[in-house]
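Lettering of chains follows the sequences in order, A, B, ..., and the numbering in each one begins at 1.
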Amino acid sequence: MGILNHALPNIGPVKAVDTAIGWGRKSSIWPMTFGIACCAIEMMAVYAATFDLDRFGAGVPRATPRQSDLIIVPGTVNAKMAVRVKRLYDQMAEPRYVIAMGACVCGGGPYVKWGYNTVKGVHKIIPVDIFVPGCPPRPEALMDGILKLRDQVGRDAVFARREQAGKEMDGRYAAAS
Amino acid sequence: METIISFVGEQFGLEGVLALSIAYAVCIGSLLGFITVYAMFAIWMERKVAAHIQVRYGPMETGAWHGWAQSVADAVKLLFKEDLIPRSANKVMFLAAPAVVFCGVFAGFIAIPFAAGVQIVDLDLGVFFIIGIAAIEVIGVIMAGWASNSKYSLFGAVREAAQVVSYEIPTAVALLVPILVVGSFRLGDFNAFQEEHGWLIFHNVWMPIAALCYFISSLAGCKRAPFDLPEAESELVSGFHTEYSGMRFSFFFLEEYASMFVAALLVSTLFFGGWTLPFLDVTSWPYGLAQGVGMAVLLVKTFFFIFVQMWLRWTLPRMRVDQVMGLGYKYLVPWGFAALVGTAVFEYYGWRFVPGVF
Amino acid sequence: MYAVEEKNDVFTEELKLNLGPQHPSTHGVLRVELKMDGEIITASRCDIGYLHRCAEKIGENVTYLQFTPYTDRMDYLASMNNNLAWSLAVEKLIDVEAPERAQWIRVIVAELNRIASHLIAFGTYGIDIGANTPFFYAFRERESIMALLERPSGARMLYNYIRPGGVGHDVDDQWLADVLAFCDEFERRWKEYNTLLTNSHIFIKRTANIGVIPKDVALAYGCTGPVLRGSGVKWDLRRDVPYLKPYDELEFDVPVGEGTHGSLGDCWDRYWVRMREMMESIRIIRQACPRVPDGPFMDKKTSGMYKTPLKPKPGEAYVRCENPRGELGFYVVSEGGTSPIRCRTRAPSFCNLAVLDVLLPGTMIADGVAIIGSLDIVLGEVDR
Amino acid sequence: MNEQELHGKLSGAGVAGLGELDTTGPDPFVVVEGSGIRPVLSFLRDDPTCRMEMLHLVTGIEREDRIEVAYHVSSLEHHHSLTLKVVFPRPEAGGHDDWRPGVPSVADIYPAADWHEREQWDLLGIEFEGHPDMRRILLPDEWIGHPLRKDYSYPSEHGGIPLELDAVPMYERGPDWEREEKVRKAKKEERKAGTPLRQPPAPGSDRPHAGGQAPASSKGQRHVIEPHSGDDDDGKSGAH
């Protein structure tokens, strides 16, 4: 893709290819096996039988960041862990998505005031696509977050020139800033 | 392959190098297509089997019916994913490793008979060709593990080398048993023999032992649970392909499922009658139909054994590396040899079951 | 000819392996630095603190009631038990005893949560050993417990239900009946687990004789809970130091390791202790459900704490409870204010994890994973 | 045995440095002199009638005028437990950074104390003399200060990781961020110069600090951490 990124005119065949790629990407979001705290248990509940994330093709948790598309940050990130979270994110291959799961990761949560070494929101460290608040969020909430991410990923253009591309990119990270 | 050459010669009047290259292209193309489609199907099947063992549904949304298009989506995604090469990796070997791995298994498919005459080359040493060529995969895995410059990859590669090389012995010994009975290495002969004498698994009492030995060691050869040490997820993150992403990673995936297919197909060809059914005589049927039915029968058997492999994977815990070695050397090799010697004795005296007992 | 220069170019070197903090089998964000000789671990060093969330500092700044939700987030698999220990510590400081009904409800919810916690231990231990399916089976039953506990408390995982002086809300008879129905269901499932994992030959081979903790080592390192009982010490605070009245009146056994498949105190023993404890909890719940008396569920003295914060007299209290992972203790020091001057937690996982550096050297990496899993740590509690 | 009898037993054995039993609160405790904590604990562990084989907690408590270190021990065999305390009065001058009370480590008597003592050093700055591996345990090795002290001021960032609620996200920082960062670090180093900050010992060194004497530094040289820029409550954690 490299040089072709957003280089082609926004016409029918290009759009069709983009739609196909978007469909592939959104239907096969492989999350990373990554748990930090309480939210990780609810994340596991989402993989498990009752909620079964695999129905949406997202049930192949990969342990290595190289092969995963999605990093769900489930649980408080502190100063010691933040370095690792950032490194994990850097190790992932594009396209990569981030879901901030839980109040702590969305903005400090219960540890916002007295937590001397908690990072008040993982968006201070890595760009976040979807915020799923809650302490911890119910599995349904995380499912909803992943479905929202699917929609977003499916709409993303790959080859076609995007109108107001910059704005759209800003929009993607708007919630983070 | 000869069929294609002669077909091309008759229809278009082509000869020599041209005919040969057309035949090559057709064969390789159809094999690649077959492996890809099969692997996609098998991955989908694996996810469904796993899901149903684990009281859930598995892929449901992608594609209309039970997520049938899941693997297509995975392939599209992997194709358009960034291809990372770690800075400290040995680039040449890192890039070459997936290809080497895939070539080994791919070459094995050349000698596989899908039905009477549906085979690219009917090699005289077909059985040993398949086992031998599959060993190339080990080289690729070691390359991958070493070139990644990651400790987990290295552990995975070394485990793979130790495990696969050790399990070549019981594999070969167990396969010698049916070879001893049939008297040929040619895979087509096995089908012909079983058409005449019934399935080899019932041939004598040693056969089930040999079949079990072979099946277990083939599991180890394919890195399937409970022998999935090279990629043991809870220990080595992802083993030798920890650093691979995108399409290169999918080659490892493809290779695993392709070698599963080869192993399952060998079991069904060598022990379970290949494309023959005991109550169905297709030899007198017209050319195309007999082949079609034979192929279907063989594929059904093969997929049954692939299903067994998946079943075991999602049921059994993983073994430790020394236990895997112990199982291979302490149990499979002696039992394989026992079956070999026993079969030799039985064949010499013409026994099928233990005389006097049953 | 040439003089051949001898060069010894085959050499071995020590491999340093970094396990975690993001590793599938470290149960969170534990980091272990390993020195490896091939597959054998020669030395190990634990590195914790990747989930340090300043709970003790927070405890010194919020009121006694406000700290209850933070105890939830320590051992997030057994929030009820954590709430219980904290509430008991505060009750000891303000010299209040929860009403009878609250005590019985506490027993039921704590035992239910113990089952849920052990289920996760069972499921994730399966994944550590390489069997993925037990995890899904365990979560299926866990969801039922979550649904049960959600009804009185309103939360799925972090309940904040047991509060100083009683419980947050009352339960109804239908709930008690449903709990009993769950007990019957669970007994059947439990047998399924044993068929699937416990009695699997490979599983026994992987866990028996691995990570043996002798009795004196377990005591010296302050191990408690299933880790201590797996080593054959019959020590259960519910039986030996009953911190709730009902535990005195109920009948239950304390399962201890017996060395069934090898040495006493190996991974299998610890695992089997947990499995049997689930059944003991079921037994306790079965006895407790019909005996829940009528009456208030919150003490009168503390019922005003939502408006005016509790103000205990200066003094200190150390209360310990039997958590699924061992002895959870809260050491609360009050100086008369609305918040404690020091609130220290004795986290069972913290003490159980300390023994890891002793166990790991000499084992293989796969055993190391099995040992970490068998200690069943929760990093939220180790780091607080 | 209850606490009274245990105390009587201890004083009967003639262990040095034993104080009185305090029974004012819900949990009674025995005050022990710093030098006496090791003999007392050894006695409690080894005496067949006491058999305190389990150490539950080592806790540091900072009060306005003193720091206490509490030890909770109990016996599984005899079902009794005891709390011991070592008290350090606060010196006249000095504060958070340069007051580090030193207690003899009991990690060789109770291996369980090892991590507890490390944690107390990490969070409260209590020095345990003779501890085999006195490193920070929960916080990163480079962390400045001991957060459970009442006069601890909250850091705004640690190693480039923003810790404030309204910090600029790392990926939104401008291209010249690294240069700015370098300047900032240099300034920080400058400020720090002369302050004998306690560095973590090199891994593997068997004796981290000689003696355990609090480093002599006057108040003026003390390292000042940037106060938290939130509302007033955040800056100084309120001491009671």
Side-chain angles (χ1 to χ4, degrees), chain A residues 36-37 71 73 75-92 94-98 100 102-131 133 166-167 169-177, chain D residues 62 96-97 118-119 122-125 135-174 177-178 181 200 223 225-240:
Chain A
I36 301 182
I71 175 170
V73 187
T76 322
V77 179
N78 68 14
K80 209 171 174 181
M81 192 64 202
V83 189
R84 310 303 176 115
V85 174
K86 185 156 173 29
R87 189 185 296 168
L88 282 176
Y89 178 74
D90 291 344
Q91 281 176 342
M92 287 166 75
E94 287 284 354
R96 51 192 171 175
Y97 315 107
V98 182
C104 307
V105 189
C106 291
Y111 302 96
V112 71
K113 193 166 181 188
W114 303 108
Y116 41 83
N117 79 337
T118 52
V119 175
K120 315 303 188 279
V122 78
H123 56 270
K124 306 276 188 221
I125 315 290
I126 54 177
V128 174
D129 292 276
I130 302 280
F131 287 87
K167 203 175 170 188
M169 284 302 285
D170 283 352
R172 189 166 144 193
Y173 299 139
S177 49
Chain D
E62 192 195 357
H96 162 249
D97 236 18
R118 272 177 71 190
E119 193 190 320
D122 188 357
L123 299 182
L124 263 158
R135 286 177 295 127
R136 284 190 183 274
I137 185 166
L138 294 178
L139 293 166
D141 282 347
E142 322 81 44
W143 194 266
I144 299 163
H146 301 285
L148 279 191
R149 291 286 183 89
K150 302 291 181 197
D151 55 353
Y152 178 73
S153 50
Y154 282 46
S156 60
E157 56 118 44
H158 171 78
I161 306 284
L163 295 176
E164 284 172 321
L165 185 56
D166 47 3
V168 182
M170 285 173 90
Y171 60 92
E172 279 184 8
R173 290 167 180 176
W177 171 261
E178 278 180 23
E181 187 72 20
H223 168 61
I225 303 159
E226 284 174 310
H228 196 274
S229 65
D231 52 67
D232 279 346
D233 269 358
D234 282 356
K236 322 173 252 314
S237 51
H240 296 279

**Prompt:** Are the side chain of D/Tyr154 and the backbone of A/Gly115 linked by a donor-acceptor contact shorter than 3.5 Å?
**Reply:** no
**Asked** Can you say whether D/Leu139 sits under 4.5 Å from chain A via the side chain, the backbone, both, or neither, judging by heavy atoms?
**Response** both
**Item:** Nearest heavy atoms of D/Leu163 and A/Tyr116, plus distance in Å
**Value:** CD1-O, 3.6 Å
**Asked** side chain to side chain donor-acceptor pair (under 3.5 Å) with A/Tyr111: which residues, sequence neighbours excluded?
**Response** none
**Asked** CD1 of D/Ile161 to CD1 of A/Ile125: how many Å apart, nearest 0.5 Å?
**Response** 4.0 Å
**Asked** Taking only residues two or more places apart in sequence or in another chain, which ones pass salt bridge (charged side-chain N to carboxylate O under 4.0 Å, His left out) with D/Glu62?
**Response** D/Arg90
